[in-house]
Chemist: 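Provided herewith is a single structure, encoded as structure tokens, for subsequent inquiry.
Just so it is clear: chains get the letters A, B, ... in the order the sequence lines come, proteins before strands, and each one is counted from 1. Because the structure is a prediction, the values reported are computed rather than measured.
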Amino acid sequence: MKQKIATSLLFISVFFYCLPQPALSKKEDTKQRSSTHLKHSNSLSSNQFIPTTDRFAGGKSVVTLSHHSRDEGEQRYLRVVGEIKAGYSYPWSGIAYLPSGNYQKGVNLSQAHSLEFDAKTSQNTTTLSVLLFEQDNFIPFERTVKLTVQWARHRIKLSDFTNIDRSKISNISLVITETKGNFEFMINNITLINTKIIDNQ
Amino acid sequence: MNQILATPNLWRIYLLESKTETLRLIRTPGFSVPTILFPVMFYSFFGILFNMNAANMPTYLMVTYGVFGVIGPALFSFGVGIAVERGQGWFDIKEVSPMPASAYVFARVALTLSFSLLIILLLFFMGAVFAEVRLFHSQWLLIALILMLGSLPFCAIGMTLGLYLKSTSAPATVNLIYLPMGFLSGLWFPINFLPDFMQSFANLLPAYHLAQLALKVVDMDNGANLWLHLAVLLAYTFLFLLLAVKAYYKKDKQ
């Protein structure tokens, strides 16, 4: 009996040891876009982004947006400061782009190849979630990128979002979701590459 | 002679009773198969196959179906088990046997914890392999520990039900408590999807507080104080233990 208990405990210990852990230092793809992509890009002005938080669903997270000059030059970036607070099962806080200008209405982004942006954070590392919402579906599809304290170009391939109908995208959100507490990130040059936006009638 | 009069080894009695109880239930597939497979099957459907690629949904549901899973053996092994044994007369035979009453309770708690552990391991396996759930070792272990210890208040609830209910009505009554409680506590899908009045009602349910306690480990709870959840679960445990003791002595007088 004692031997059986010892064997069971050993099995359980090995099982827990083998359970997978999150990757802490996953290298994100920050390749520079090619010149071909540049020919067909649709730059999004930071003014087109609106604040979004889980207050929309009854949560308590907050966010404020402000514009600042980048590298003392004319180019201006969007500074996103907020706090993820407990109060909703999936807390989020950040910015959202509504391609149709309406939460309910989707647009056809099936021609869009990727979403690119320059971003950095004031903290050591911050995980930024890129959420795509399909029309009439309030559950997003998600990809993440790791931000560092240096400006870096990030590219999210829209084809990586499997099981989503890209002919009716209603919302593209760039939000913090994982860690409760204060966050800050800066974002600039947000671009949809190789895009033809077709109104979904 | 000396051997007969020697004090029996209490732990040996506890272990033997636990072993025979476990064997009995393993040999009763009507109990063991649905108890183990229901939470795993539900998680496969809603957490893996139809999670709609939603962010963190597999992690959230792995925890909540874990809660759903550990409540099952606690309520059924105690609630239905005791009621059926009372109906068959086994309970009375065990009562007059030299076995201490504590061994009976210990065996059922051990049985509940064994089944709970098995369900948790299966859910963790499904989450890790098929739904890409990634947690730190400390989180995996803490969730498992919370879920296993969290089944104890439901053992107390089950024991009370088992002592009050008749063997014929026990399975239906336990199901009538188990399934709606799981639904209203946000164990099948996030509580925030329910209307406000239902969310307020969940505050009264022990399953909701156990789920919130476990979800705190992965930062997906609703933000209420840890001590509130613990206090509610302890209050339920003491209340139902008290009711169980009352029911036991009432039965004895009869």
Side-chain angles (χ1 to χ4, degrees), chain A residues 1-2 4-5 8-9 11-24 26 54-61 83-92 127-134 136-144 160-165 173 175-181, chain B residues 11-12 15-16 18-19 22 50-57 59-61 63-64 110 114 117-118 120-122 124-125 127-129 131-145 186 189-196 199 211-212 215-216 218-226:
Chain A
M1 184 108 171
K2 278 179 187 171
K4 278 182 187 170
I5 293 173
S8 306
L9 286 175
F11 169 77
I12 292 163
S13 308
V14 172
F15 178 87
F16 274 98
Y17 181 76
C18 293
L19 285 169
Q21 296 202 72
L24 286 175
K26 191 183 167 191
D54 53 28
R55 282 173 182 256
F56 189 70
K60 293 169 186 162
S61 300
E83 186 181 356
I84 300 286
K85 294 183 181 180
Y88 185 62
S89 315
Y90 306 126
W92 81 83
T127 303
L128 182 71
S129 296
V130 178
L131 309 179
L132 245 64
F133 288 80
E134 206 176 76
D136 302 325
N137 185 359
F138 61 95
I139 298 176
F141 295 76
E142 182 191 33
R143 286 291 175 272
T144 58
D160 285 348
F161 289 84
T162 49
N163 301 332
I164 187 168
D165 182 359
S173 291
V175 294
I176 305 296
T177 59
E178 284 185 356
T179 318
K180 280 176 194 152
Chain B
W11 276 109
R12 188 168 159 70
L15 282 178
L16 281 174
S18 306
K19 188 184 166 187
T22 311
F50 305 117
N51 73 15
M52 294 172 284
N53 242 5
N56 301 330
M57 185 78 102
T59 309
Y60 182 96
L61 290 180
V63 175
T64 56
S114 315
L117 182 63
L118 190 59
I120 292 165
L121 294 183
L122 277 171
F124 281 6
F125 175 79
V129 175
E132 291 182 17
V133 174
R134 298 288 179 264
L135 299 174
F136 296 109
H137 282 141
S138 56
Q139 289 177 307
W140 289 110
L141 281 168
L142 199 55
I143 292 169
L145 193 68
F189 49 80
I191 188 88
N192 306 87
F193 292 3
L194 293 173
D196 283 347
Q199 289 186 38
Q212 290 300 309
L215 285 169
K216 258 194 194 303
V218 285
D219 243 6
M220 295 171 88
D221 63 309
N222 279 354
N225 196 305
L226 168 85

Chemist: Out of curiosity, B:Leu117 CG to A:Phe15 CZ, how far, rounded to the nearest 0.5 Å?
Modeler: 9.0 Å
Chemist: Under 4.5 Å heavy-atom distance to chain A, tell me which part of B:Val218 shows up: side chain, backbone, both or neither.
Modeler: neither
Chemist: Who are the salt bridge (Lys or Arg N to Asp or Glu O under 4.0 Å) partners of B:Lys216, not counting sequence neighbours?
Modeler: B:Asp221
Chemist: At their closest point, which heavy atom of B:Arg134 faces which heavy atom of A:Gln21, and how far apart are they?
Modeler: CD-O, 3.5 Å
Chemist: Check whether more than 12 heavy atoms from other residues, nucleotides or ligands sit under 6.0 Å from atom CZ of A:Phe16, and answer yes or no.
Modeler: yes
Chemist: Heavy atoms, side chains only, cut-off 4.5 Å: are A:Pro20 and B:Trp140 in contact?
Modeler: yes
Chemist: Is chain A contacted by the side chain of B:Phe124, its backbone, both, or neither, given a heavy-atom distance below 4.5 Å?
Modeler: both
Chemist: Using non-hydrogen atoms and a 4.5 Å limit, figure out which bit of B:Ala144 sits close to chain A: side chain, backbone, both or neither.
Modeler: side chain
Chemist: Taking side chain as everything from C-beta outward and backbone as N, CA, C, O, which of these in A:Phe11 sits under 4.5 Å from a heavy atom of chain B? Side chain, backbone, both or neither.
Modeler: side chain
Chemist: Would you say the side chain of A:Ile12 lies within less than 4.5 Å of the side chain of B:Leu121, judging by non-hydrogen atoms?
Modeler: yes
Chemist: Taking only residues two or more places apart in sequence, or in another chain, which ones meet A:Ala86 in a side chain to side chain contact (heavy atoms under 4.5 Å, CB included)?
Modeler: A:Lys180
